[in-house]
2 protein chains.
Amino acid sequence: MTEPAAEAPAKARRGRPPSTSLNQALILDTALAIVEEHGPDALTLRRLGTELGANHTAVLRHFSSKDEILLGLAERLIERAMDGFVPDAHWRPTLEALARRIRSVCLAHPALAALTATRVSRRAAAFQGADTVIRALRVAGFDDRDAARYYRALVDAALAVSSYEAATAALENTSREGDRLAWGREYLAASPTRYPDLAAVAPYLAQADDDDQFETILGLILDAVEARAKA
Amino acid sequence: MTEPAAEAPAKARRGRPPSTSLNQALILDTALAIVEEHGPDALTLRRLGTELGANHTAVLRHFSSKDEILLGLAERLIERAMDGFVPDAHWRPTLEALARRIRSVCLAHPALAALTATRVSRRAAAFQGADTVIRALRVAGFDDRDAARYYRALVDAALAVSSYEAATAALENTSREGDRLAWGREYLAASPTRYPDLAAVAPYLAQADDDDQFETILGLILDAVEARAKA
DNA sequence: ACCTGAACACCGTTCAAGT
DNA sequence: ACCTGAACACCGTTCAAGT
């Protein structure tokens with residue numbers, strides 16, 4: 001049953017797969033599939049092992065901890081957001097498109113976004129996006145100091161609002177109390193004598209939709225940036 | 001040793017504490033202390049039991065699940081943010097003060113904010129804040145529809161950015177990799193040929209501070225709201 | 001009415017042992 | 001070099017039993 005051991009590490013062992021079974025890319029693919037299909041709480045090392053057909057501790061040979069896997073997933077989130085992006089000729093549409101891309105990725109993978117959004121800014125893949133935003137702001141007429149300042153404000157706001165929305169969406173899918181419509185109903189039931197202004201506009205609160213809301217925030221911020229650029 | 005049992009539930013049993021040992025307020029106090037001292041991961045039912053001098057399952061007689069405890073903590077977060085708040089005579093300072101209060105509470109209790117921010121909007125305690133914001137917007141001249149729209153945008157943005165900031169802060173305290181300064185360093189090390197605009201403003205990125213950044217975002221949003229109010 | 005204690009079905013991580 | 005299997009020190013929740 002014993003086979004002759006190769007003395008030197010054979011350079012091209014016929015039929016030998018490049019990596020025997022597990023590797024980082026495969027693990028991240030599988031982790032992503034689990035999170036998207038069964039929610040963030042389903043991402044456990046044991047489940048990852050089962051899904052990969054391996055022992056649940058084998059994964060720790062390729063990532064030093066579960067947290068490292070999360071950072072790997074965060075990197076994928078940025079890559080997807082930036083994938084194939086081409087800046088517009090004008091600065092404002094460029095910034096709008098980037099903000100919408102961040103949000104799209106977060107909404108497409110809410111559980112992943114909720115899990116990793118705060119880790120995104122540290123990753124190298126974010127450099128490309130940072131460079132694009134900063135160029136747009138310099139083109140708009142801001143000096144280096146202000147370009148840095150507004151870059152941080154814009155990315156932070158886009159990421160914060162997107163991941164907040166994603167976290168809420170992920171909550172609803174994960175937990176059983178999926179009644180986000182109650183939001184509108186509760187506000188409609190608020191006492192008109194104690195909260196007169198709230199009661200007056202309550203019907204409009206219920207019908208506001210998330211897309212409109214994101215566009216409202218984005219529009220407000222970019223309006224102000226544009227006004228300051230002109231001054 | 002046996003004492004005579006009261007036949008009827010005595011209305012004023014001398015020396016009898018109102019609730020024998022555990023109650024919701026005491027449990028939330030203890031939970032809050034644990035989160036603030038040892039981080040969000042330390043909040044377990046077992047630890048809660050130990051700290052209360054009770055069995056770890058006793059808590060479930062007062063809250064139906066751990067999630068209900070989290071909702072209770074979220075309610076406290078709002079109460080603290082609104083505590084003693086008096087609206088200003090003018091609408092813009094009122095909105096600024098409220099946004100800064102939300103952020104202050106999140107920064108004062110980052111672990112709690114990271115844990116509960118997405119649950120806040122559902123709670124009844126938020127009604128007072130909602131009413132105040134909406135009144136300010138109506139005073140500014142918006143009709144009911146726009147008041148509702150901008151209320152949602154403002155509160156969402158303030159809560160999202162504050163909890164994002166808090167989540168980052170909580171991460172740093174909890175995990176050992178507390179090198180948020182690496183942020184500036186990594187950007188300084190970015191390739192100037194591949195990322196020329198990023199490299200040009202990198203020195204300013206490193207020195208931007210969180211307070212300035214929040215004020216920048218707040219200022220941008222309120223500038224735009226004010227401009228639209230005048231139109 | 002409230003609490004205990006045991007049990008259940010899980011976690012992430014470590015480490016000696018295999019091949 | 002990579003994977004396994006057992007072990008360790010934890011989780012939240014349920015439920016019969018106590019008082």
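No hydrogens, no waters, no symmetry mates; every other heavy atom, side chains included, goes into these values. Order of the sequence lines fixes the chain letters, A, B, ..., with proteins taken first and strands second; residue numbering starts at 1 for each chain.
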With the side chain of [X] defined as its heavy atoms from C-beta on, choose the nearest nucleotide among [options].
X	options	value
Leu45(B)	dA6(C), dG12(D), dT13(C)	dG12(D)
Thr57(B)	dG5(C), dT13(C), dG12(D)	dG5(C)
Ala54(A)	dG12(C), dT4(D), dT4(C)	dT4(D)
Ala58(B)	dC3(C), dC11(C), dA7(C)	dC3(C)
Arg46(B)	dG12(D), dC15(D), dT13(C)	dG12(D)
Leu22(B)	dC3(C), dC11(C), dT4(C)	dC3(C)
Asn55(A)	dG12(D), dT13(D), dG5(D)	dG5(D)

Sugar-phosphate, base or nothing in reach of Leu48(B), heavy atoms under 4.0 Å: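 No contact.
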Sugar-phosphate only, base, or nothing, as touched by Ile69(A) at under 4.0 Å among non-hydrogen atoms: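 Nothing: the residue Ile69(A), judged by heavy atoms under 4.0 Å, touches no strand.
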Carboxylate-amine/guanidinium proximity below 4.0 Å for Arg194(A) and Asp131(B):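 Salt bridge absent between Arg194(A) and Asp131(B).
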Nearest-0.5 Å distance that lies between atom CZ in Arg76(A) and atom CG in Leu32(A):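 So the CZ of Arg76(A) and the CG of Leu32(A) are separated by 6.5 Å.
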Whichever of Ala42(A) and His56(B) has its nearest DNA chain C nucleotide further upstream toward 5':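 In this pair, the answer is His56(B).
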Leu60(A) vs Arg47(A), nearer the 5' end of DNA chain C by closest nucleotide: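 So the residue in question is Arg47(A).
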Short side-chain N/O contact from His62(B) to OP1 or OP2 of dC2(C), under 4.0 Å: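 Indeed not, no polar side-chain atom of His62(B) lies that close.
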5'-most by nearest nucleotide on DNA chain D - Thr44(B) or Val59(A):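 The residue mapped nearer the 5' terminus is Val59(A).
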Residues Asn55(B) and Thr57(B): side-chain donor-acceptor under 3.5 angstrom: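 Yes - a donor-acceptor pair under 3.5 Å links their side chains.
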